[in-house]
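What follows is a set of notes on a single structure, which appears directly below.
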Amino acid sequence: MKNLRKAGFTLVEIMIVVAIIGLLAAIAIPNFIKARATSQANACINNMRQIDAAVNQWALENGKKTADPAPGLATDLTPYIKLNSAGSIPGCPAGGAYTVGTVGAVPQVTCSLGTTVTPKHVLP
């Protein structure tokens with residue numbers, strides 16, 4: 001009688017493949033998390049740059065000078081910034097909130113996350 005072996009994978013072979021996939025995932029996931037945090041910080045900084053430019057334009061058009069009170073983020077600056085799909089000024093993608101300081105302050109715009117996260121949400 002012929003000795004027939006059914007085609008398929010043994011348990012050991014499947015375990016080795018699962019272990020390799022797990023190892024690759026363990027290497028890749030931290031890199032994905034870091035890339036996500038970096039892109040959120042870059043988007044936040046770019047949003048703050050746009051808001052900063054809007055404050056400067058608002059101050060110029062309204063005859064404001066250094067140390068004058070800040071414009072309203074949601075009311076005064078909306079004509080100067082491209083709004084998101086909800087019709088509002090884009091927020092920090094990581095969940096922070098923007099604050100506008102006085103006209104001419106350095107920085108004029110800050111994110112509530114600021115230096116509490118890595119990478120920092122701070123204008124250079």
List, one per line, each side-chain donor-acceptor pair under 3.5 Å for residues 62-70, sequence neighbours excluded.
from	atom 1	to	atom 2	distance (Å)
N62	ND2	W58	O	2.8
D68	OD2	K65	N	2.7

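- The other members of the hydrophobic cluster of V117, by chain and number, are L113 (side-chain heavy atoms under 4.5 Å, ILVMFWY only).
- Cluster note: I21 groups with V17 through ILVMFWY side-chain heavy atoms spaced under 4.5 Å, whether in direct contact or through intervening members.
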Distance-only check: which donor-acceptor pairs under 3.5 Å involve side-chain atoms of residues 44-55, not counting sequence neighbours?
from	atom 1	to	atom 2	distance (Å)
N46	OD1	R49	NH1	3.2
N46	ND2	N42	O	3.2
N47	ND2	G91	O	3.1
N47	ND2	Y98	OH	3.2
D52	OD1	Q108	NE2	2.7

Got a list of side-chain donor-acceptor pairs under 3.5 Å for residues 75-82, not counting sequence neighbours?
from	atom 1	to	atom 2	distance (Å)
D76	OD2	G72	N	2.8
T78	OG1	T75	O	3.4
Y80	OH	E61	OE1	2.7

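- Grouped with V12 in one hydrophobic cluster are I16, I20, L24, the linkage being side-chain heavy-atom contacts under 4.5 Å among Ile, Leu, Val, Met, Phe, Trp and Tyr residues.
- In terms of the side chain to side chain donor-acceptor pair (under 3.5 Å) criterion, residue partners of S88 (sequence neighbours excluded) are, by chain and number, N84.
- Sorted pairs that involve residues 109-124 and meet side chain to side chain donor-acceptor pair (under 3.5 Å), not counting sequence neighbours, are lacking altogether.
- I29 is linked by a side chain to side chain contact (heavy atoms under 4.5 Å, CB included) to A25, I33, counting only residues two or more places apart in sequence or in another chain.
- Taking every heavy atom of both residues into account, L73 and V100 meet most closely at CD1-CG2, 3.7 Å.
- F9 pairs by the side chain to side chain contact (heavy atoms under 4.5 Å, CB included) definition with E13, I14, not counting sequence neighbours.
- Hydrophobic cluster of I27: the remaining members, joined at side-chain heavy-atom separations below 4.5 Å, are L23, listed by chain and number.
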**Prompt:** Where do T99 and V109 land on the side-chain contact (heavy atoms from CB on, under 4.5 Å) test, with the steps shown first?
**Reply:** CA-CA 6 Å; T99 305; V109 183; over 6 Å; no
